[in-house]
**Q** 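The structure is given below, and queries will be raised subsequently.
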2 protein chains.
Amino acid sequence: MEDCPVKYAFTVVSGKWKLQILWELNQQDMIRFNELQRRLAGISSFMLSKSLGELEQNKLIIREQYNEVPPRVEYSLTELGKAIHPALKMLGDWGTKVYNECQES
Amino acid sequence: MEDCPVKYAFTVVSGKWKLQILWELNQQDMIRFNELQRRLAGISSFMLSKSLGELEQNKLIIREQYNEVPPRVEYSLTELGKAIHPALKMLGDWGTKVYNECQES
DNA sequence: CCGAATCCGCCTCGATACTG
DNA sequence: CAGTATCGAGGCGGATTCGG
């Protein structure tokens with residue numbers, strides 16, 4: 001979006017659930033829709049479906065659909081999806097510092 | 001906020017202008033209100049003031065006020081404010097990859 | 001020059017109900 | 001099991017106006 005890669009990265013993972021979804025997928029590689037919904041306590045199937053769709057569009061995750069009965073769909077991270085985690089870790093470490101700093105005063 | 005440092009970091013720099021403000025301050029260390037407003041084309045004084053106030057609360061920037069006529073207020077990054085930039089660079093590099101990947105298809 | 005107060009439109013989120 | 005359709009509520013951004 002526009003001209004700033006950082007902003008673009010933010011928009012890609014913005015939204016109330018995207019980070020958690022990425023986190024869960026990183027723990028498991030390969031997870032089913034309902035299983036994911038169970039782990040993300042509180043998310044509706046609508047929001048989950050929408051978030052997964054956007055992440056798939058941005059090539060962060062892969063959707064694999066098996067035409068069985070009952071239907072089965074599995075989600076997993078792409079290389080791109082895995083590659084964000086080092087950056088998120090750095091941000092997390094920094095976030096911890098900010099948090100501690102703001103508790104003092 | 002809550003229990004996730006990454007989420008917390010995101011909320012701290014969330015908002016339409018925070019990243020740009022951090023960027024401008026990183027270019028200049030020490031900048032005045034109006035000068036900053038001029039560089040962030042399109043921002044209202046309301047949003048700028050509000051964003052700066054929140055960044056100050058989170059200890060990312062320092063506000064130095066000189067009681068002169070006319071009044072002068074200067075903003076600069078704290079150590080914490082400077083420390084986010086490596087993490088943002090990583091995210092930016094990743095964002096570039098995502099962008100390129102999505103242009104192909 | 002710097003910023004606070006108020007009001008308003010839009011977009012995201014989510015509850016509910018329904019489908020293959 | 002894995003979604004889609006629809007509708008409504010709330011919060012953020014922004015325009016405008018006013019004060020020190």
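Every value quoted in this text rests on a predicted model; they were computed, and no experiment measured them. Just so we're on the same page: letters track the sequence lines, and every chain starts at 1.
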**Q** Side chain of B:Pro71: nearest nucleotide among D:dG13, C:dC1, D:dC1?
**A** C:dC1
**Q** Between P on D:dC1 and CZ on A:Arg63, what's the gap in Å once rounded to a whole number?
**A** 16 Å
**Q** Taking CD from A:Glu54 and C1' from D:dG3, how many angstroms apart are they, rounded to a whole number?
**A** 15 Å
**Q** Please confirm whether the shortest side-chain N or O distance from A:Trp17 to OP1 or OP2 of C:dC13 is below 4.0 Å.
**A** no
**Q** Between A:Arg72 and D:dA2, is there a side-chain N or O to OP1/OP2 distance below 4.0 Å?
**A** no
**Q** Can you sort out which residues in residues 35-53 of chain B have a heavy atom within less than 4.0 Å of DNA chain C? Ascending by number, please.
**A** B:Ser45, B:Phe46, B:Ser49
**Q** Let me know the distance between CG of B:Asn67 and C1' of C:dC1, rounded to the nearest Å.
**A** 12 Å
**Q** Out of curiosity, does A:Ile62 fall in the hydrophobic cluster containing A:Leu22 (side-chain heavy atoms, cut-off under 4.5 Å, transitive links)?
**A** no
**Q** With a 4.0 Å cut-off on heavy atoms, is B:Tyr75 in touch with a base, just the backbone sugar-phosphate, or nothing at all?
**A** sugar-phosphate
**Q** Just distance, no hydrogens or angles: give the donor-acceptor pairs under 3.5 Å from side chains in residues 82-91 of chain B, sequence neighbours left out.
**A**
| from | atom 1 | to | atom 2 | distance (Å) |
| --- | --- | --- | --- | --- |
| B:Lys89 | NZ | B:Asp93 | OD1 | 3.2 |
| B:Lys89 | NZ | B:Asp93 | OD2 | 3.1 |

**Q** With clusters defined by side-chain heavy atoms of hydrophobic residues (ILVMFWY) lying less than 4.5 Å apart, directly or transitively, does B:Trp94 cluster with A:Leu19?
**A** yes
**Q** Expressed as a whole number of angstroms, how long is the span from B:Phe33:CZ to C:dC2:C1'?
**A** 6 Å
**Q** So does B:Gln57 have more than 12 non-hydrogen atoms from other groups sitting under 6.0 Å from CD?
**A** no
**Q** Is there a continuous path of hydrophobic side-chain contacts, each under 4.5 Å between heavy atoms, that joins A:Trp23 to A:Val12?
**A** no
**Q** Can you see whether B:Gln27 engages B:Arg39 through a side-chain donor-acceptor pair at a distance of less than 3.5 angstrom?
**A** no
**Q** Nearest whole Å is fine: how far is D:dG20 C1' from B:Gln65 CD?
**A** 10 Å
